[in-house]
Amino acid sequence: MRLAGRAHSINSTVRTLIARNFNALPIIDISALIQDDKSSSAVDCTAAELHKACRDVGFFYIKGHGMPDAVTEGVRREARRWFELPASAKQQIALGPQTAYRGYQQLGANVTRYDGGFQRDWHEAIDLYKEETDMAASPVHGRNQWPHHCPAFEGALRQYIDGCLHIGQAVMRGIARGLGLQPGYFETAKGGSTTADSSYWVTRVIHYPPLEQGAATTGSPQAAPGREIDRSVQLSCGEHTDYGLLTLVNQDPDIPALQVKNARGEWISAAPIPGTFVCNIGDMMRVYTNGEYTPTLHRVVNTDPSCSRVSVPFFYETSFDAEVAPIPALLQPGEAPKCAPVRYGRHLESKVLSNFELEPQADIVAG
Ligand SMILES: N=C(N)NCCCC[C@H](N)C(=O)O
Ligand SMILES: O=C(O)CCC(=O)C(=O)O
Ligand SMILES: [Fe+2]
């Protein structure tokens, strides 16, 4: 566990820079958190491992999460079948401003900001969020477009989301403890409580076809002015950090494609390990910890021309209205917060509204 007298923040910044030269991602068994064994020293050990992983890497695998393989595999299998449907069937649940950005996005519709320009992501996906009917309050509020015509897929997704909410809450209890806070800190946080019920969760069901032969996947893309798309580089998903608290990635086995950037700028593979989720912290954790935990850049590059990959990341987030600010108990006496408070919902809106190309591109062949 963390001790009360903490190093001055300059030291902690230096330590973070050194420590972020990781070559591999830690694997953390969270079974003690899932069992919620309050008295157990196993919970303290797990919390200490989470603390080190969040501070030094920002990414880790979790095992012992209790979600049966049948659920993680089932949702990927049903997703794969759904993506094989004809484009016209998939377009019936197409997303746009009128669907609160919930539903299907075809190959190339998602873009990632890059040094002032934009780069097209080579994936198709279904985006779902916590349902919120007060549509006037946000452009992302609305109902989901569930794949109603595939009841097995819809059922698998709902079961998967319930399970992920439970795991997300348990891991956040461990992270709170690792920070020296009450385990339920994020559940009762002053700026907005985050529980399995209140989390403004997101899930993306993603299909990554192989990259086109000869596509450039390395090198620095040209900065493009305004919203111009840089076509010199093709990545399955461009380099980014996630927007909220905690991401859980359920990925196809045997296809290493997710890559995590260390402080030397090297890409470290987050290759699939059966029975685990890859976990990472998002932008809100940087604010809560006043920069001690920074979200790690990552990208997806599916270069194997014989493999098409499915992943189902689940984003466990704060409530939509949460006012996220540095946690006072984590500051040194007299230390001024350096991270400005953020309303999570506003941050999410700004990301989502810049993620889609508004005009369909003639050079994209609908999958
Ligand atoms: N909900 C989350 N975190 N989604 C992450 C997607 C990252 C890619 C997106 N085009 C972007 O530029 O952010
Ligand atoms: O597909 C993956 O492995 C991760 C995708 C991702 O980083 C995201 O959607 O935020
Ligand atoms: Fe991500």
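The model shown is predicted, which means the values in this text are computed figures rather than measured ones. Only heavy atoms go into these numbers, but all of them, side chains included; no hydrogens, no water, no symmetry mates. Atoms within each ligand, like the ligands themselves, are counted from 1 in listed order.
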What atoms of ligand 1 come within less than 4.0 Å of a heavy atom belonging to [X]?
X: Asn110; answer: 9 (C), 10 (N)
X: Asp121; answer: 8 (C), 10 (N)
X: Asp242; answer: 3 (N), 5 (C)

Review point. Under a single-linkage definition using a 4.5 Å side-chain heavy-atom cutoff for Ile, Leu, Val, Met, Phe, Trp and Tyr, are Leu165 and Trp146 assigned to the same hydrophobic cluster?
Key: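 Yes, because Leu165 and Trp146 connect within a single hydrophobic cluster, where side-chain heavy atoms sit under 4.5 Å apart.
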Quiz item: Would Asp29 and Lys63 count as a salt bridge (charged side-chain N to carboxylate O under 4.0 Å, His left out) if you check the C-alpha gap in whole Å, the side-chain angles of each, and the deciding distance to 0.1 Å?
Solution: CA-CA 5 Å; Asp29 183 339; Lys63 64 177 183 182; 5.2 Å; no
*Considering distance alone, does some N or O of Arg113 sit under 3.5 Å from an N or O of ligand 1?*
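There is no such contact.
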Open item on the list: Using a plain distance cutoff, I'd like to know if Val111 has any nitrogen or oxygen under 3.5 Å from a nitrogen or oxygen of ligand 1.
Closed with: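 Indeed, backbone or side chain, Val111 has an N or O that close.
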Who's the nearest protein heavy-atom neighbour of [atom], and how far?
atom: atom 8 (C) of ligand 2; answer: His240 NE2, 3.7 Å
atom: atom 8 (C) of ligand 1; answer: Thr112 OG1, 3.6 Å
atom: atom 5 (C) of ligand 2; answer: Tyr208 OH, 3.4 Å
atom: atom 4 (C) of ligand 2; answer: Val300 CG2, 3.8 Å
atom: atom 9 (O) of ligand 2; answer: Arg204 NH1, 3.5 Å
atom: atom 3 (O) of ligand 2; answer: Arg309 NH2, 2.8 Å
atom: atom 9 (C) of ligand 1; answer: Asn355 OD1, 3.3 Å

Tell me the closest heavy-atom pair linking Gly174 and Ala47, and the distance in Å.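 What the structure gives for the nearest pair is O-CB, 3.5 Å.
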Is it the case that atom CD in Glu131 sees more than 12 heavy atoms from other parts of the structure closer than 6.0 Å?
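Enclosed: over 12 neighbouring heavy atoms sit under 6.0 Å from CD of Glu131.
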_Within a 6.0 Å radius of atom CZ on Arg102, are there more than 12 heavy atoms belonging to other residues, nucleotides or ligands?_
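Counting other residues, nucleotides and ligands, CZ of Arg102 exceeds 12 neighbours.
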Check: Gln105 main-chain N/O paired with Asn110 side-chain donor or acceptor under 3.5 Å: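 No: the side chain of Asn110 does not pair with the backbone of Gln105.
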Can any side-chain N or O of Glu73 pair as donor or acceptor with the backbone N or O of Asp252 at less than 3.5 Å?
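No; zero donor-acceptor contacts below 3.5 Å.
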Any Lys351 heavy atom less than 4.0 Å from ligand 1: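 No; Lys351 lies far enough from ligand 1 that no heavy-atom distance drops under 4.0 Å.
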So is Gln251 close enough to ligand 2, meaning a heavy atom under 4.0 angstrom away?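 Flag not set, Gln251 not near ligand 2.
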Legend entry - Whether His123 lies under 4.0 Å from ligand 2, heavy atom: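 No, that is not the case, since the closest heavy atom of the residue is not under 4.0 Å from the ligand.
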*Would you list the pairs meeting side chain to side chain donor-acceptor pair (under 3.5 Å) in which at least one residue belongs to residues 157-168, sequence neighbours left out?*
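Of all non-adjacent pairs touching residues 157-168, those that pass side chain to side chain donor-acceptor pair (under 3.5 Å) are Glu154-Arg158.
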So which of Glu239, Gln259, His298 gets nearest to atom 7 (O) of ligand 2, if we judge by its closest heavy atom?
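Minimum heavy-atom distance to atom 7 (O) of ligand 2 goes to His298.
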* **Option whose closest heavy atom lies nearest to atom 6 (C) of ligand 1, chosen from Phe315, Tyr243, Phe356, Phe314** =>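 Checking each option, the heavy atom nearest atom 6 (C) of ligand 1 is found in Tyr243.
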Closer than 4.0 Å to some heavy atom of [X] - which atoms of ligand 2 meet that?
X: Ile206; answer: 9 (O)
X: Ser311; answer: 1 (O), 2 (C)
X: Phe315; answer: 8 (C), 9 (O), 10 (O)

Requested in this report: For ligand 2, note which part of Thr247 has a heavy atom under 4.0 Å away: side chain, backbone, both or neither.
Outcome: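 Neither part.
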Vertex the Fe ion (ligand 3), rays to NE2 in His240 and OD1 in Asp242 - rounded to 10° =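 Result: 90°, to 10°.
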For a quick check under 3.5 Å, do [X] and [Y] share a side-chain donor-acceptor pair by atom type?
X: Glu124; Y: Tyr104; result: yes
X: Ser138; Y: Arg346; result: no
X: Tyr200; Y: His141; result: yes
X: His240; Y: His298; result: yes

Query raised in the report: Does His298 bring an N, O or S atom to under 2.8 Å of the Fe ion (ligand 3)?
Result: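 Given the 2.8 Å cut-off, His298 counts as a ligand of the Fe ion (ligand 3).
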**Request:** Please work out whether any backbone atom (N, CA, C, O) or any side-chain heavy atom from C-beta onward of Arg204 is under 4.0 Å from ligand 1, and answer side chain, backbone, both or neither.
**Result:**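 Side chain only.
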| field | Non-hydrogen side-chain atoms of Asp283 and Asp242 separated by less than 4.5 Å | value |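 When only atoms from C-beta onward are counted, Asp242 and Asp283 do not touch, as no gap falls below 4.5 Å.
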* **Non-hydrogen side-chain atoms of Asp254 and Pro272 separated by less than 4.5 Å** =>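 No. Closest side-chain heavy atoms not under 4.5 Å.
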